Amino acid sequence: MNLLADLRRRFRIALELLDTGAGEVADMVLPSKDPKFGDYQANCAMPLGKRLGRPPREIAQEIVDRLDVADLCDPPEIAGPGFINLRIKDDWLLKNLSQKVPDQTQLGVVPTEQPRTFVIDFSSPNVAKPMHVGHIRSTVIGDALCRILRQLGHRVISDNHIGDWGTQFGMIIYGYKNFADDQAFEKDTVGELSRLYKLVNQLVEYHVIREKKIPAIEQQIVELAARLEQMHDATELEDPKDRKKADKRHRQAEGQLVELRATLDSLRNHLSAVENDSLLGPLASEHAQIGSAVLAETAALHAGDQTNQSLWDRFLPACLESIDETYQRLNVTFDHALGESFYHDRLAGVVEDLTERGLVRESEGAKCVFLKDDDAPFIVQKKDGAFLYATTDLATVEYRMSEWTPDAMIYVVDHRQSFHFKQLFETVKLWGYGDVQLEHVSFGTVLGEDGRPYKTRSGTAVGLGGLLDEAVERALKIVCENDDARDTPLLSQEQRQTNAERIGIGAIKYADLAHNRTSDYVFSYDKMLAMNGNTAAYMQYSYARVRSIFGKGDIDIDSLRSSGSPLQLTHPSERALALALLQLSETLQRVATDFRPNHLTAYLFELASAYSSFFEHCPVLKAEDAGLRNSRLLLCDLTARTIARGLNLLGIEVVERM
RNA sequence: GCGUCCGUAGCUCAAUUGGAUAGAGCACUGGUCUUCGAAACCAGGGGUUGGAAGUUCGAGUCUUCCCGGGCGCACCA
């Protein structure tokens, strides 16, 4: 049962009766923000008033006259400029809530009438390097969207587009050939590969800094300094406006200069740190050509070189295993994990096909799809003949379309790649896939407490495993402290550990999902593990608290659920809770339309608040009579199940006691 | 330079995509355990939504111009 959808359906009918085509404003029926305006409000009379050239209040009245909601709402009220306020009848709430009581699986969420097929592309780690903080958002948001869309009855195909064919593999191949420790490799393959990756990466980075970055910055500094000189000459401008502008530019340029010098210093420090390192220093000078050597190893792999291919075959399973460990811990699964290598032999065909259709033009030796004249083209083949990210993405689209014919393809990838996806989507349309909905579900950056992207003190990316470890560790500390503070502790050591795992991982996921995905957010263990506010820990606590009632009262909730014992609403807070319980369905629908899981966290938090208020005003175990007691127990049960289901749809587990 | 996103309470974030008096948590002040879990709850103070103008019944949201930032812009992914 989707209450909001039902109301909108009824409004659509009334609106069409009023004026053909007016049904489209039925979406302006929304839940009210303030209870004094009722439960729902329809705001469609105002725009319609404009369109029909008549007073909106008059229109509102005519809508109400044609509206068939007598079974659902009290008589609608018209307020202000033409708002129509709706209050759901208690009878109707009771009837629908009762249907949810025995519904174990769906909790009253009805499958959509128009199921669609979604391909969701998310997580996409590079296998040779360890997963880091940058993978959290894609993984967590993508997984939540899969779960929610499935709950709504859609067909969802999740696909992890793993980076298993790129330069990182060239790095570990080069590393293996030059620096491998065979014993370590036998003992701990993943650990050794990871060491090799880091080592080679450091060496490559050293030479890039030395030969490219530092000269580039030095030149920028020279140019900027020269520009500053010229600017001095321009301070004698007549027009105050021009002078102000010139001043601003001057200030900005000075700022940039300071920044560039600081960067230069830190890069030089980095170089000398490597040079003075007893291990890295000699290796750096011995492997002066490491950058091009790594590219050569990568190219050899792509060209089918026997040795490199067999190394790849040996390395890949170990890499995947390590990634799977993380996914297991996060409780994330995929239907497919078709990485870049899967598409390798299709890339030439993609370029051929695009060329045949006249979409490709050669420019500076590269094969490009030009989309807008003044923009950079979408390059599908480099001048050296190699294919790129863009080519693989196109091959992926082609494969998914032919294999699954989806209605929508969703990429959960950070916002920095929006230009790439814009180009990809435009190219795909030109290529002939006009119907499929292509969506870049982008998200912002995870920041540290200093407001800069979250990094370790030394400036490297924070590993995902360590991040989870720390969250769990902190959760364990909190769990133990609180349990020890009780007269008689509730939890065994084992339960404490399980709880800490669920609470810690849940905290990270929830914090990520609770923020509007398009904005950056500041990562803070203290905030995400707080017991107050919109956090996983608070929701898990709410759940455990509700559930404890059944133990305390020695209630067999399963049999009460199937007993047919009726519900009743005797207090405003009881009614508010009932209404909230009925709004899960429309909330999920809302998450699905704009791919924003934070609507669901907000809903859960409001539900928990509604429960708090109910719990304060309405004695449950000590209710006046047995009928009311049973009714309230059932409300508790529905609350617990709704919280558990909501969290589950976010990929978070509950705990029975904490 | 071009493109794009952002600026909301002291701090961290919401705001149903143009709806009614901009909401939460933290922090601050005060109140709740002799009745269901106080890891909690309730109440209070705190805002020119970066600034200015405009569009309209109605603007945090749309337009224009400023101020301040993030990110991306040809052969990496």
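The figures that follow rest on heavy atoms only: side chains count, while hydrogens, waters and symmetry mates do not. In what follows, chains are A, B, ... by sequence order, proteins preceding strands, each numbered from 1. Worth saying up front: this structure is predicted, and the values here are computed from it rather than measured.
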Between [N] ([atom2]) and [X] ([atom1]): distance, integer Å:
X	N	atom1	atom2	result
A:Tyr197	B:A77	OH	C1'	11 Å
A:His515	B:U8	NE2	P	14 Å
A:Phe37	B:U16	CZ	P	17 Å
A:Asp34	B:U16	CG	P	16 Å
A:Asp483	B:G37	CG	P	15 Å
A:Asn43	B:A59	CG	P	14 Å

Given the 90°-from-0 boundary between syn and anti, B:U34 should be labelled anti
Determine if the base of B:C33 is syn or anti; take syn to mean the glycosidic torsion is within 90° of 0.
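For B:C33, whose glycosidic angle is within 90° of 0, the conformation is syn.
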Whichever of A:Gln381 and A:Ser613 has the more 5' nearest nucleotide on RNA chain B, that residue is A:Ser613
Assert: residue with more 5' nearest nucleotide on RNA chain B, out of A:Met658 and A:Asn598, is A:Asn598
Is the ring centre of [X] less than 6.0 Å from the ring centre of [Y]?
X	Y	answer
A:Phe169	A:His302	no
A:Phe421	A:Tyr411	yes
A:Phe523	A:Tyr525	yes

Check: What stems, by residue range, does RNA chain B take part in, given at least 3 consecutive Watson-Crick or G-U pairs under 3.5 Å?
Finding: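 When the pairs of RNA chain B are grouped into runs of at least three, the stems are B:1-7 with B:67-73, B:10-13 with B:23-26, B:28-32 with B:40-44, B:50-54 with B:62-66.
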Produce the list of close N/O pairs, under 3.5 Å, pairing protein atoms with atoms of nucleotides 68-70 of chain B; give distances to one decimal.
unit_1, atom_1, unit_2, atom_2, d
B:G68, OP1, A:Arg251, NH2, 3.4
B:G68, OP2, A:Lys248, NZ, 3.4

Identify whether the distance between the nearest side-chain nitrogen and carboxylate oxygen of A:Arg87 and A:Glu77 falls below 4.0 Å.
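A salt bridge is absent here (no side-chain N lies under 4.0 Å from a carboxylate O).
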Can [X] be called stacked on [N] when the rule is centres closer than 5.5 Å and an angle between planes below 30°?
X	N	result
A:Phe419	B:U4	no
A:Tyr541	B:A40	no
A:Phe83	B:G19	no

Taking 4.0 Å as the cut-off, does a side-chain nitrogen or oxygen of [X] come that near to OP1 or OP2 on [N]?
X	N	answer
A:Asn532	B:G25	no
A:Asn126	B:A77	no
A:Tyr603	B:A15	no

Near A:Arg486 CZ, under 6.0 Å, is it more than 12 heavy atoms from other residues, nucleotides or ligands?
yes
Going by atom type alone, with no hydrogens or angles, which donor-acceptor pairs under 3.5 Å involve a side-chain atom of residues 604-624 of chain A and a protein atom two or more places apart or on another chain?
unit_1, atom_1, unit_2, atom_2, d
A:Ser609, OG, A:Phe605, O, 2.9
A:Ser612, OG, A:Ala608, O, 3.4
A:His617, ND1, A:Ser613, O, 2.8

